[in-house]
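Only one structure is covered here, and it is reproduced in the block below.
Because the structure is a prediction, the values reported are computed rather than measured. For the single chain, residues carry numbers from 1 onward in sequence order.
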Amino acid sequence: MSGIQRLSDPFYMAHGERLCESFHRLLGRPLITIASNVSAIRHLDEAPFALVSHGTGEDPVFNYGNQTALRLFEMDWGSFTSLPSRKSAEPVHRIEREQLLHQVSTKGFIDDYSGIRISSKGRRFSIKNGVVWNHIDSKGIVHGQAAMFDQWQYL
């Protein structure tokens, strides 16, 4: 799916709105400021921070990554959205990642996440002060989890 198709796809348009709404509901502040004539997903896709989300499956697969995240993980859309999210961390960091996701599931969010991730080309990077939250709609239906971070450094 091309960027243009993704930004006009009804699923992703609704997905962007839910990401913004759930972030605001849980953290009490907006994820982004949205111009009234532009969809949330367009703002999110072009944001200077990395934004990713995954679904609710047994081994959740990424279902969204904005342009910043795709560049950081060195992947195209098709590759990223077929990647189980656990594979964004090296095996030695996966237990830490599981503990993080359990904490988010219990509390609803954390806003001080720091950790190590790896790109598709093996470049390791550290994330600091990230926000990870449950992606829940206004009816309480869980759609997965999302993460946003604007501080990273290649190792």
Whether F73 and F125 hold their rings parallel, tilted or perpendicular, with breakpoints at 30° and 60°:
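Taking F125 first and then F73, their aromatic rings stand perpendicular (interplane angle over 60°).
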
- Task: Specify whether W77 and Y12 have parallel, tilted or perpendicular ring planes, treating 30° as the upper limit for parallel and 60° as the lower limit for perpendicular.
- Result: perpendicular

Any link between [X] and [Y] through a network of hydrophobic side chains (Ile, Leu, Val, Met, Phe, Trp, Tyr) touching at under 4.5 Å?
X: F49; Y: V104; result: yes
X: V142; Y: Y64; result: no
X: L72; Y: V61; result: no
X: L26; Y: L31; result: yes
X: I136; Y: F23; result: no

Quick check: do [X] and [Y] have side-chain heavy atoms less than 4.5 Å from each other?
X: W133; Y: L19; value: yes
X: D150; Y: P48; value: no
X: N134; Y: S22; value: no

Nearest 0.5 Å, what's the CG-OG1 distance between D45 and T68?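 It is 8.5 Å, given to the nearest 0.5 Å.
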
For S39 and S8, indicate whether the former's side chain and the latter's backbone hold a donor-acceptor pair under 3.5 Å.
no

Between R123 and E74 (side chain of the first, backbone of the second, donor and acceptor by atom type, cut-off under 3.5 Å), is there such a pair?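 Not confirmed, R123 side chain does not pair with E74 backbone.
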
- request: Determine, step by step, whether M148 and L27 satisfy the side-chain contact (heavy atoms from CB on, under 4.5 Å) criterion, reporting the C-alpha distance in whole Å, the side-chain angles of both residues, the deciding distance to 0.1 Å, and the verdict.
  value: CA-CA 12 Å; M148 181 278 287; L27 282 93; over 6 Å; no

Check: Should we count NZ of K107 as having more than 12 external heavy atoms under 6.0 Å?
Finding: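 More than 12 heavy atoms, drawn from other residues, nucleotides or ligands, come within 6.0 Å of this atom.
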
ask   = Between H15 and H135, is the ring centre distance below 6.0 Å?
value = yes

